[in-house]
Chemist: 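Provided herewith is a single structure, encoded as structure tokens, for subsequent inquiry.
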Number of protein chains: 2
Amino acid sequence: MPEDRAPTRIQKKNRAAILEAALNVFSADGFRGATVDQIAVAAGLSKPNLLYYYRSKDAIYAALLERLLDTWLDPLRAIDPDGDPLHELLGYIRRKLEMSRDYPRESRLFANEIIRGAPHIHAVLSTDLKSLVDETAALIRHWAAAGRIAEVNPYHLIFSIWSLTQHYADFDVQIRAVLADGEPDPYPEAARYLDQVFTRLLTPGR
Amino acid sequence: MPEDRAPTRIQKKNRAAILEAALNVFSADGFRGATVDQIAVAAGLSKPNLLYYYRSKDAIYAALLERLLDTWLDPLRAIDPDGDPLHELLGYIRRKLEMSRDYPRESRLFANEIIRGAPHIHAVLSTDLKSLVDETAALIRHWAAAGRIAEVNPYHLIFSIWSLTQHYADFDVQIRAVLADGEPDPYPEAARYLDQVFTRLLTPGR
DNA sequence: TCTTGATTTGACCATCTGGTCAAACTCACG
DNA sequence: CGTGAGTTTGACCAGATGGTCAAATCAAGA
């Protein structure tokens with residue numbers, strides 16, 4: 001599988017199928033819990049065939065993480081420094097919550113990686129992620145200094161947004177077990193609740 | 001290993017050592033990632049010796065989860081229905097955050113179990129946990145109806161408390177990677193931030 | 001001290017798992 | 001159609017892993 005040449009039609013198709021299958025398997029069973037055979041079957045390939053496209057289990061996992069990291073941070077990058085602060089932040093929260101709803105596998109994949117100590121992406125966290133968060137924190141601080149939102153610790157604000165939104169994907173079973181009686185879909189109410197929380201937190205003036 | 005007779009001194013000592021070692025290993029590597037040998041070594045026993053005390057890897061894991069579940073829910077049970085609502089809820093939040101700080105292994109163990117779909121404790125979630133949450137939700141609703149705290153969805157309030165506090169244990173590496181510059185211990189600031197969030201959310205009267 | 005049940009262990013096993021390899025097959029293009 | 005690169009596979013391997021077992025060792029009460 002020459003990596004310098006342009007990928008053939010079959011390469012594109014199979015690589016895509018492998019990553020899709022790997023996302024299913026890794027997010028459900030974790031890195032150690034997943035087996036190459038499982039991924040191969042899910043991708044509709046034999047094990048040696050899969051290893052023809054990715055050298056190793058590690059390589060699949062690494063490719064998957066890399067491809068997803070950008071998508072995952074896009075909502076944060078989409079905050080407009082020139083927009084209305086409260087509107088921008090509530091919009092970010094809404095987008096993150098929608099990502100939990102629409103991409104729970106991705107959320108669980110990252111959660112698992114971080115819980116394990118981020119062995120594969122620690123470098124990215126303390127460089128790319130850190131700078132992105134530093135920038136956003138500066139922006140939030142600037143907004144607060146101008147009196148346009150309340151004074152809050154910008155880093156912990158960001159952590160709390162990540163935590164609250166991703167919780168609905170990562171702890172889905174627990175949430176559904178507790179809410180078993182009523183509405184089966186927790187997301188509409190979650191959206192209302194988070195809006196309430198952050199509106200009350202961020203609205204300036206006592 | 002007679003299970004009906006009273007445990008001997010050696011049984012007590014070794015079972016405790018095994019559970020302590022298993023907590024380390026399972027919380028760091030997950031169920032599939034952990035090996036019986038690893039746990040045995042960490043407990044200072046040979047593998048067959050360990051399997052003399054617990055029939056299987058599954059049995060160790062089950063015993064560990066069972067022993068921890070109660071401890072984990074104690075702070076919720078400690079809420080006093082006759083106390084001051086805001087004080088009780090902020091106290092619960094503080095206790096949960098302290099548990100994240102002092103028992104991160106337990107937090108990660110549960111997080112891992114839930115993310116995997118709670119295969120071992122799903123029954124407990126939809127019975128014991130659910131009733132405990134239902135009770136607390138009723139209490140919160142009652143407080144809100146009496147105008148003593150703001151009107152909030154009590155279930156999502158509880159979810160948000162779990163989410164925000166456990167985040168500091170489960171996503172520790174990420175938090176420290178992002179905060180790398182300043183104070184190495186995020187907990188004091190986290191406590192202040194969470195206090196601010198929930199005080200603003202719950203204080204009644206717009 | 002003797003005896004009996006509790007404890008410990010070395011050797012072993014079946015299965016699973018990540019990965020290899022040579023050979024076979026397929027596809028696109030001249 | 002012929003050909004060479006790209007693709008697929010059955011057979012295989014070494015190491016890891018959960019678990020077993022008979023035999024050896026130890027602890028404590030009679």
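The figures here come from the full heavy-atom set of this structure, side chains too, leaving out hydrogens, waters and symmetry mates. We name chains A, B, ... by the order of the sequence lines, and we start the count at 1 in each one.
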Chemist: Can a side-chain donor-acceptor contact be found between Asn153(A) and Tyr193(B) if the only test is distance below 3.5 angstrom?
Modeler: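 Tyr193(B) vs Asn153(A): no donor-acceptor pair found between side chains.
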
Chemist: Determine, stepwise, if the pair Thr35(A) / Asp29(A) fulfils side chain to side chain contact (heavy atoms under 4.5 Å, CB included).
Modeler: CA-CA 9 Å; Thr35(A) 77; Asp29(A) 298 347; over 6 Å; no

Chemist: Determine: side-chain N/O of Tyr53(A) to OP1/OP2 of dT8(D), distance under 4.0 Å, yes or no.
Modeler: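 True: Tyr53(A) side-chain N/O within range (under 4.0 Å) of dT8(D) OP1/OP2.
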
Chemist: State whether Ser46(A) places a side-chain N or O below 4.0 Å from either non-bridging phosphate oxygen (OP1 or OP2) of dT9(D).
Modeler: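 Checking dT9(D) against Ser46(A), a side-chain N or O does come within under 4.0 Å of OP1 or OP2.
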
Chemist: Nearest to the side chain of Val36(B) - dT8(D), dA6(C), dG19(D)?
Modeler: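 Out of dT8(D), dA6(C), dG19(D), the nucleotide with an atom closest to Val36(B)'s side chain is dG19(D).
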
Chemist: Rounded to whole angstrom units, what separation is found between the CG atom of Asp29(B) and the P atom of dA16(D)?
Modeler: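 Between P of dA16(D) and CG of Asp29(B): 16 Å.
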
Chemist: Measure from CG on Asn49(B) to P on dT25(D) and round the result to the nearest Å.
Modeler: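 My rounded result for the distance is 15 Å.
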
Chemist: State whether a side-chain donor-acceptor pair under 3.5 Å links Tyr155(A) with Asp134(A).
Modeler: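 Side-chain D/A pair, Tyr155(A) to Asp134(A): present.
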
Chemist: Which nucleotide, dT7(C), dA28(D), dA28(C), lies nearest any side-chain atom of Arg9(B)?
Modeler: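 My answer, after comparing the listed nucleotides, is dA28(D).
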
Chemist: Of the listed nucleotides (dG6(D), dT17(D), dT7(C)), which one gets closest to any side-chain atom of Arg32(A)?
Modeler: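 From the listed options, dT17(D) comes nearest.
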
Chemist: Does dC16(C) have OP1 or OP2 sitting under 4.0 Å from an N or O in the side chain of Thr35(A)?
Modeler: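 No, because none of the side-chain N or O atoms of Thr35(A) sits under 4.0 Å from OP1 or OP2 of dC16(C).
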
Chemist: Hey, are Asn112(B) and Arg108(B) close enough side-chain-wise for a donor-acceptor pair under 3.5 Å?
Modeler: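 The criterion, which ignores hydrogens and geometry beyond distance, is not satisfied for Asn112(B) and Arg108(B).
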
Chemist: Considering every strand and a 4.0 Å limit on heavy-atom distances, what is the contact class for Ala34(A): base, sugar-phosphate, or nothing?
Modeler: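 It contacts sugar-phosphate atoms only.
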
Chemist: Below 4.0 angstrom from OP1 or OP2 of dT7(D), is there any side-chain N or O of Tyr52(A)?
Modeler: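 Indeed, a polar side-chain atom of Tyr52(A) lies that close.
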
Chemist: Heavy atoms from C-beta onward define the side chain here; which of dA6(C), dG19(C), dT17(D) lies closest to that of Ser56(A)?
Modeler: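 The listed nucleotide nearest to Ser56(A)'s side chain is dG19(C).
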
Chemist: dT9(D) C1' sits how many Å from Asp37(A) CG, rounded?
Modeler: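 In whole Å, dT9(D) C1' lies 13 Å from Asp37(A) CG.
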
Chemist: For a side chain to side chain contact (heavy atoms under 4.5 Å, CB included) check, start with the C-alpha distance between Ile114(A) and Ile121(A), then their side-chain angles and the critical distance, and finish with the verdict.
Modeler: CA-CA 8 Å; Ile114(A) 307 284; Ile121(A) 58 168; 4.2 Å; yes

Chemist: For the side chain of Gln11(B), counting heavy atoms from C-beta on, which of dA6(C), dT9(D), dG18(C) is nearest?
Modeler: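 When the side chain of Gln11(B) is considered, dA6(C) is the closest of dA6(C), dT9(D), dG18(C).
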
Chemist: For Tyr61(A) and dG18(C), give me the distance from atom OH to atom P, rounded to whole Å.
Modeler: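 Atom OH in Tyr61(A) sits about 14 Å away from atom P in dG18(C).
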
Chemist: Expressed in angstrom and rounded to an integer, what is the separation of Arg15(A) atom CZ from dT8(D) atom P?
Modeler: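 That distance rounds to 12 Å.
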
Chemist: Which listed nucleotide (dG10(C), dG18(C), dG19(D)) is nearest to the side chain of Pro48(B)?
Modeler: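 The closest nucleotide is dG10(C).
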
Chemist: When the distance from NZ of Lys57(A) to P of dG19(C) is rounded to whole Å, what number comes out?
Modeler: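 In whole Å, dG19(C) P lies 8 Å from Lys57(A) NZ.
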
Chemist: Would you mind reading off the distance between Leu50(A) atom CG and dT20(C) atom P, rounded to a whole angstrom?
Modeler: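 Rounded to whole Å, this separation is 13 Å.
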
